[in-house]
Structures are given as structure tokens and as C-alpha cells.
Amino acid sequence: MIVLAHGRNPEPAPLSMAVDRSNPDAPLIRVTGDLAYTTAGPLRNEVDRILAELPPALVFDFADLHFIDSTGLGVIVHAWREGQTGGTVIELRTVPRFLETILDLTGVAGLLARPVTDNGPDTGDPAERPVAPA
């Protein structure tokens, strides 16, 4: 017998974050709960505030992350993209296994491993790299 759930979808666990600026060269954001469509806005806003200060690094700690959806993943990619523009390296710490798998499957892990360049994101494609004058 197959039982299908009817009614409302379960609400995501609230997202909370704590920002540690004790190291101004690498502010740390600890993320707790569900990073999903309905909860990602405040984190993205905080990422933008921090990256506007152009720190050398921005660190995320996901030790207490319970769930992430594509919007949450988009916040990480957004941080990387904006970090590339401002010369900020994005670091992930204490990544749960489920998030590690998602980052690998989607290619985001490889994206985060790319070095910050002076001319914007290094796409890895030689055709898109700037050519030095002769």
C-alpha cells in the first residue's frame, strides 16, 4: 500500500545566522536551519553587506545546516560571483555530507576552488581569458 501525504507541505525550519567579525580579513557567517526559498533573503542581504566591505575572505560555517534547496545554493554561487568581482575568496567550513554531495554534483565545489582573478571570474576557458598586450 502506498500512502500519499495530503495537505500542507511542511514549513522549513527557520534560518538563523550569526556573524563573527572578530577577524576583519575573514568575516564568518554561521548558518543554522534550512537555507531555502522562503528563508534565503536575509542571508543574501548579509552576504552583500559583508562583500561591500571587500574583505580578503568570507567564511561560511554550515555545521548546523539542516537543508538547502536551489535558492540556498544560489546564495553560495552569488557570494562567489560577487566575491570574484571584489577579490574576496569564499570559504566553506564544516560542510555537512549532504551539502558536500550537492556541491560536487552541481559543480559548485569546483567553482569555489577557482582562484580569484584581477579581471573577474576565471571561467577556466582560455578563450575567455584576457590577452596580454604584445
Side-chain angles (χ1 to χ4, degrees):
M1 170 188 244
I2 298 175
V3 178
L4 300 174
H6 295 308
R8 292 178 9 142
N9 291 331
E11 294 292 322
L15 178 78
S16 65
M17 64 184 142
V19 180
D20 178 353
R21 295 177 183 261
S22 60
N23 180 354
D25 289 338
L28 171 72
I29 302 176
R30 287 184 182 88
V31 180
T32 301
D34 291 357
L35 182 50
Y37 175 76
T38 58
T39 63
L43 177 60
R44 184 177 170 128
N45 292 339
E46 188 61 35
V47 165
D48 288 342
R49 273 192 289 278
I50 292 171
L51 290 177
E53 299 169 8
L54 303 175
L58 173 58
V59 181
F60 290 92
D61 184 323
F62 289 116
D64 296 317
L65 183 71
H66 302 153
F67 172 82
I68 190 167
D69 70 3
S70 60
T71 303
L73 193 60
V75 172
I76 296 170
V77 173
H78 169 75
W80 173 81
R81 187 177 301 120
E82 295 300 312
Q84 287 284 309
T85 302
T88 301
V89 174
I90 304 301
E91 299 177 18
L92 306 185
R93 287 193 192 152
T94 323
V95 177
R97 185 160 177 85
F98 76 89
L99 178 54
E100 186 177 304
T101 301
I102 291 169
L103 294 171
D104 286 340
L105 288 173
T106 59
V108 174
L111 195 69
L112 294 171
R114 292 182 183 169
V116 174
T117 64
D118 293 334
N119 300 316
D122 180 2
T123 63
D125 182 353
E128 295 182 20
R129 291 188 185 141
V131 178

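When a residue number appears, it is its place in the shown sequence, counting from 1.
- Checked against salt bridge (charged side-chain N to carboxylate O under 4.0 Å, His left out), Glu53 has the following partners two or more places apart in sequence or in another chain: Arg21.
- Minimum heavy-atom separation, Tyr37 to Asp69: N-OD2, 2.9 Å.
- Distance check, rounded to the nearest 0.5 Å: CD of Glu82 to CG of Leu54 gives 10.5 Å.
- Looking at every heavy atom in both residues, Glu91 comes nearest to Ala57 through OE2-CB, 3.9 Å.
- In this view, Ser70 satisfies the side-chain contact (heavy atoms from CB on, under 4.5 Å) rule with no residue, not counting sequence neighbours.
- Thr71 and Ala40 get closest at one heavy-atom pair: CG2-CB, 3.8 Å.
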Tell me which donor-acceptor pairs under 3.5 Å the side chains of residues 61-68 have, and how far apart each pair is, sequence neighbours excluded?
from	atom 1	to	atom 2	distance (Å)
Asp61	OD1	Ala63	N	2.9
His66	NE2	Asp64	O	3.4

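- Under the salt bridge (charged side-chain N to carboxylate O under 4.0 Å, His left out) criterion, Arg49 pairs with Glu46, not counting sequence neighbours.
- Of the inter-residue distances, the one linking Phe60 atom CZ with Leu35 atom CG reads 9.0 Å to the nearest 0.5 angstrom.
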Residues 95-111 side chain polar contacts: donor-acceptor under 3.5 Å, at least two apart:
from	atom 1	to	atom 2	distance (Å)
Thr101	OG1	Arg97	O	3.1
Thr106	OG1	Ile102	O	2.7
Thr106	OG1	Leu103	O	3.4

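- Taking Asn45 as the reference, nothing meets the side-chain hydrogen bond (donor to acceptor under 3.5 Å, both in side chains) condition, with sequence neighbours excluded.
- Hydrophobic clustering, defined by side-chain heavy atoms of Ile, Leu, Val, Met, Phe, Trp and Tyr closer than 4.5 Å, groups Val59 together with Leu28.
- Cluster annotation: Val75 is connected to Val19 through the hydrophobic network of ILVMFWY side chains, with a link wherever side-chain heavy atoms come within less than 4.5 Å.
- Pro55 and Pro27 make their closest contact through CB-CD, 3.8 Å (heavy atoms, listed as atom of the first residue, atom of the second, distance).
- A 4.5 Å side-chain heavy-atom check between Pro42 and Leu15 finds every atom pair outside the cut-off.
- Between the CG atom in Leu112 and the CG atom in Leu92 there is a gap of 5.0 Å [rounded to 0.5 Å].
- Listed here is the closest heavy atom pair of Leu51 and Leu58: CD2-CD2, 4.0 Å.
- Scanning for side-chain hydrogen bond (donor to acceptor under 3.5 Å, both in side chains) contacts around Arg44 gives His78, with sequence neighbours left out.
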